[in-house]
Amino acid sequence: MNKRWAYGITTVPQRRDDLLPRTLESLKAAGFDRPRLFVDGARNDEAKWWEDKFGLDVTVRNPPLRISGNWVLALWELYWRDGQRAERFAIFQDDIVALKNLRA
């Protein structure tokens, strides 16, 4: 049976042109094609830019919460949004390279 996942990527604006695109490509090949982006340190008025650039749902945090704050709130937000439907949760960092078909 196919389990329902809720998953996202924590990132910062400095990674949007180098590490983040590589991570998104890797996660897509791994079966995680629609992560929610949690951008630490981006302004609220920049959220639309992120959504348009990557075609994904985005949550921005300003002022920045740093790595652990963004990670904890990202997981909580995924649970809050999808907790009734999702059976598995994952938070990825913006510098991960995943194996093909990892989700399966």
Q | Shortest non-hydrogen contact from T11 toward D94 | A | OG1-OD2, 2.8 Å
Q. Using links of under 4.5 Å between side-chain heavy atoms of ILVMFWY residues, direct or through other members, which residues join W71 in one cluster?
A. F38, V72, L75, W76, L78, Y79, W80, F89, I91
Q) Can you name the closest pair of heavy atoms from V58 and R36 and give their distance? A) O-NH2, 3.5 Å
Q) Do you know the tightest heavy-atom contact between P13 and V39? A) CD-CG1, 4.0 Å
Q: Check the hydrophobic clustering (I, L, V, M, F, W, Y; side-chain heavy atoms under 4.5 Å; chains of links allowed) and say if Y7 and I96 are grouped together.
A: yes
Q) Between the side chain of D40 and the main-chain N/O of L65, is any donor-acceptor distance below 3.5 Å? A) yes
Q. Which atom names give the shortest non-hydrogen contact between L20 and I9, and what distance separates them?
A. CD1-CG2, 4.0 Å
Q: Report the distance from atom CD of E46 to atom CG of N62, rounding to the nearest 0.5 Å.
A: 8.0 Å
**Q.** Cluster link W5 to L102, ILVMFWY, side chain under 4.5 Å
**A.** yes
Q | Cationic N near anionic O, under 4.0 Å, R61 to E77 | A | yes
Q. Which residues pass the side chain to side chain contact (heavy atoms under 4.5 Å, CB included) test with L56, sequence neighbours left out?
A. L24, R34, P35, L37, F54
Q: Flag the pair K53 / D17 as yes when at least one side-chain heavy-atom distance between them is below 4.5 Å, and no otherwise.
A: yes
**Q.** Minimal non-hydrogen separation, P21 against D18, with atom names
**A.** CD-O, 3.4 Å
Q: Count the heavy atoms belonging to other residues, nucleotides or ligands that lie under 6.0 Å from CD1 of I67, then report whether that count exceeds 12.
A: no
Q) Heavy-atom count around Q93 CD within 6.0 Å, excluding the residue itself: above 12? A) yes
Q) If you draw a 6.0 Å radius around CZ in R22, do more than 12 non-hydrogen atoms from other residues or ligands fall strictly inside? A) yes
(Q) I need the minimum non-hydrogen distance between L27 and A98, along with the two atoms involved. (A) CD2-CB, 3.9 Å
